[in-house]
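What follows is one structure encoded as C-alpha cells, with my remarks underneath.
Keep in mind that the numbers below use all heavy atoms, side chains included, and drop hydrogens, waters and symmetry copies.
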Amino acid sequence: MSEVILLATDHPRSTLSRLVKQDSIVKIARGVYVRSTVDPEKAVARYWRDIVGYLVPQAVITDRSARTGGPANGVLYLASQSKWRVIELPGMKVAIRPGLKAMEGDAALPSGLYLASRPRALLENSMPSRSVSGMPRRTLAEAELEDWIDRLAHIEGSERLVRYREQLVHTADILGISGENVAHLKRLIGSALGSQQVKAFSAALDTRQKGTPYDPDRIARFGILAVELAKHGE
C-alpha cells in the first residue's frame, strides 16, 4: 500500500509536505495522500479499507453496506461513536452515523474496521431510513431485506438462519431495537425456512414460500444472454 497510499501516521509531516510541493502526492482526505501517478478513484477502490480504517478507526460496516461488506452504490455506511458526517473520497462517499461500537459477533477486519454480524446487520437494516443528499437510503427497503434473507437461506443454509433468528432478541436488547422489529425479522426468516407464510414484497422470498425455484443470478444471466442474442439477430 505504501507505494500508492500514504497515511500521515506513517510519515513525517515534513516528508509529506515536501512530496506535495513536488507534486509527487495528492491529498484526498485528512491525513491521506495518493501518488500523483495513480488514478485517485482506482486507488480508493482498491485501498478503501485501509483509508477508512485510518479515518474512522473501530467503525462498524453495517446498514446497507453490511449485505456485501463494502460500498453500496458508491457509499460506504458505517456506525461509529461519533456524530453524523459524510467523508468525500474520490469515487466514494463514507456515510458515518452515531452507533454502537463493535459487539460480540462483529468480525474484526485487518484494517481496523469491523463488519456487523448477521443478526446485527439484519436488525439495523430493519430500521426505517430515507435517502439523504442524493445517496441511497441508509438501510435496505423491505423487498431488499427479504431478498437478502432469501439469499442467506440459499447460500448459508437453514441451520445458520435458525442460529441468526435465535440471536435476534439478545442483539436487539444491546442495540436498543424494538421487539416489533425482532418479530418482523423472525417472521421473514420463518418464511425463508418454510415454517410460516408472510406477504412478501420480494419475488425471491415469495417463490421460496411457494416452493418454486427462483435464482435471481440465473435470471440475470439469461437477461444478458437475451440482449447478446438480439444484438446478433439470433
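The salt bridge (Lys or Arg N to Asp or Glu O under 4.0 Å) analysis of residues 56-74, with sequence neighbours excluded, yields the pairs Asp63-Arg97, Asp63-Arg138, Arg64-Glu144. Residue pairs meeting the salt bridge (Lys or Arg N to Asp or Glu O under 4.0 Å) criterion with at least one partner in residues 16-25, sequence neighbours excluded, are absent.
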In residues 83-90, what donor-acceptor pairs under 3.5 Å come from side-chain atoms, sequence neighbours left out?
none

In a table with atom names and distances, give each donor-acceptor pair under 3.5 Å that connects a side chain of residues 102-119 to protein atoms at least two apart or in another chain.
unit_1, atom_1, unit_2, atom_2, d
Asp106, OD1, Ser117, N, 2.8
Asp106, OD2, Met103, N, 2.9
Asp106, OD2, Arg120, NH1, 2.8
Ser111, OG, Arg49, O, 3.4
Ser117, OG, Arg120, N, 3.3
Arg118, NE, Glu156, OE2, 2.9
Arg118, NH2, Glu156, OE2, 2.8

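Listed by chain and residue number, Asn181 satisfy the side-chain hydrogen bond (donor to acceptor under 3.5 Å, both in side chains) test with Ser178 (two or more places apart in sequence, or in another chain). In this structure, Ser65 has no side-chain hydrogen bond (donor to acceptor under 3.5 Å, both in side chains) partners at least two apart in sequence or on a different chain. For Ser191, the side chain to side chain contact (heavy atoms under 4.5 Å, CB included) partners two or more places apart in sequence, or in a different chain, are Val198, Leu205, Gln209. When the side-chain hydrogen bond (donor to acceptor under 3.5 Å, both in side chains) test is applied to Lys199, no partner is found at least two apart in sequence or on another chain. Under the rule for a side-chain hydrogen bond (donor to acceptor under 3.5 Å, both in side chains), Thr171 has no partner lying at least two apart in sequence or in another chain. Judged as a side chain to side chain contact (heavy atoms under 4.5 Å, CB included), and not counting sequence neighbours, the contacts of Lys186 are Arg165, Leu168, Val169, Val182. Residues passing the side chain to side chain contact (heavy atoms under 4.5 Å, CB included) test with Ser24, sequence neighbours excluded: Leu19, Gln22.
Through direct or indirect side-chain contacts shorter than 4.5 Å among Ile, Leu, Val, Met, Phe, Trp and Tyr, Val132 is connected to no other residue.
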